[in-house]
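What follows is a short report on a single structure.
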Amino acid sequence: MGELMASIVEMVDNYGRYRRDVLNLQASENFLCSHVKMALGTDLGGRYSHVMPDGRNAYGGTEMIENIFNETERNIKTLYGSKFAEIRPLGGHIAAEISLLSTIQKNDTIMAISEENGGYTGYMENYLPNMLGFKTEFIPYSEEKQEIDYDSFEKKATEIKPKAVVLGQSFFVKHYDLGRIREICDKTGSKLLYDGSHVMGLVAGKKFQPDALKYSDILFGSTHKTFFGPQGGIVLTNNEELAEKINENVVWKTMDNYHPNRIAALGIAAQDLITFGESYAGWIVSNTYTLARTLNDSGIAVKYAPWYSESHQIILSKDNFQKYGDFKTISKRLENNRIIADTEGRLGTAEITRIGLTDMVTLGEVVSDAIKGKDVRSRITEVLRNSSIKFCR
Ligand SMILES: *Cc1c(COP(=O)(O)O)cnc(C)c1O
């Protein structure tokens, strides 16, 4: 067995070939431009650079790395119009930890949207709350409308006076009334944190919750879902006092080395978003709507008709289970047809938008037929043949 197994180098090679022949509909992922991948694969991936509080770098040979870091930080600040940007977090989850450590103490209570309503599992009792010693109370939420129940939220927040309110969801199809939430937080003395992990690229492109940073004390999230990659996280604020705390909660607390190759790749991707973000995000929103409508019209039940989604996500309904099997079965059937989707009932349009697909009626029919059990592999080959990479300089 050992002898027959390909070397890891061959396996990686095969994987690259496999990805060229499949269509990716995973909402948590995005396509990497070749110049972003180039930066990831450089010598920087083996280096350290750490500027100490007194300004001295703890490592040598770091001048160029510091310049790359500063340029990336500048690009992120330009992209979001933020005064401060923490670009080192290794992922959205680490960015969440850093943001919470900077705003709450042990035994404090926060409010967040429950997992049942699409909230992030990390804020549920067993995870960050147990690890960091805080408590999560749920924000009243209407699943059907995909909206916070603002009146009930105001009442509950007034009683609890949470130290922080953390918005953002992993199943995320509708923006919030942030003006209203800000007012409530001001009354209850709560910091307002916005976990934009899924939608950072759309926020940058001003097509989903463009007011996220205007109303929140901290906007943070992943750099690889709707953001152009690489995998990582960022924390943004306009508040100097918070920026200092955020800075203090990175090195030796939530992480050490920030992976300089990743920071270089992030700076390049941010530059692409500065150039193409608005057009990209506009395409995402229209692609999502048309794909959702086409699927729903063809008999695949999509949630929240007739508006479906304001983001890159399409949420399939459990009403499909009887006819087409559960989400795991549907995902497997799609995978056998070279269409990659998660096993949670989400479809995402970030990557198909990056490869320039705009005919969502044809694509919707192909995906629908695959869910219904038809063999669509040659039609996927055709779709991929007509694709061309977009939004890379
Ligand atoms: C994906 C996600 C995270 C975690 O992000 P990583 O980059 O995978 O660490 C945090 N919060 C929300 C809402 C998410 O969807």
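These values consider heavy atoms only, across backbone and side chains, with no hydrogens, waters or symmetry-generated copies. Note that ligands are numbered from 1 as they come in the structure, with each ligand's atoms numbered from 1 the same way. For the single chain, residues carry numbers from 1 onward in sequence order.
A cation-pi contact, defined as under 6.0 Å to the ring centre and within 45° of the axis, links Arg354 to Phe228. A cation-pi arrangement, defined by a distance under 6.0 Å to the six-membered ring centre and an angle within 45 degrees of its axis, is present between Lys174 and Trp307.
Residues Ala301 and Asp319 come closest through the heavy atom pair CB-CB, 4.1 Å. Minimum heavy-atom separation, Met255 to Arg88: CE-O, 3.0 Å.
Applying the ring pair (Phe, Tyr, Trp, His ring centres under 6.0 Å) criterion to His50, with sequence neighbours excluded, gives Trp252.
Not a single donor-acceptor pair under 3.5 Å links the side chain of Thr109 to the backbone N or O of Pro162.
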Enumerate, one pair per line, all nitrogen or oxygen atoms of ligand 1 lying under 3.5 Å from a protein nitrogen or oxygen, stating the separation to 0.1 Å; write 'none' if no such pair exists.
unit_1   : atom_1 : unit_2 : atom_2 : d
ligand 1 : 5 (O)  : Ser222 : OG     : 3.1
ligand 1 : 7 (O)  : Gly92  : N      : 2.7
ligand 1 : 7 (O)  : Ser222 : OG     : 2.9
ligand 1 : 7 (O)  : His224 : NE2    : 3.3
ligand 1 : 9 (O)  : Gly92  : N      : 3.1
ligand 1 : 9 (O)  : His93  : N      : 2.8
ligand 1 : 11 (N) : Asp195 : OD1    : 3.4
ligand 1 : 11 (N) : Asp195 : OD2    : 2.6
ligand 1 : 11 (N) : Ser197 : OG     : 3.4
ligand 1 : 15 (O) : Ser170 : OG     : 3.0
ligand 1 : 15 (O) : Lys225 : NZ     : 3.0

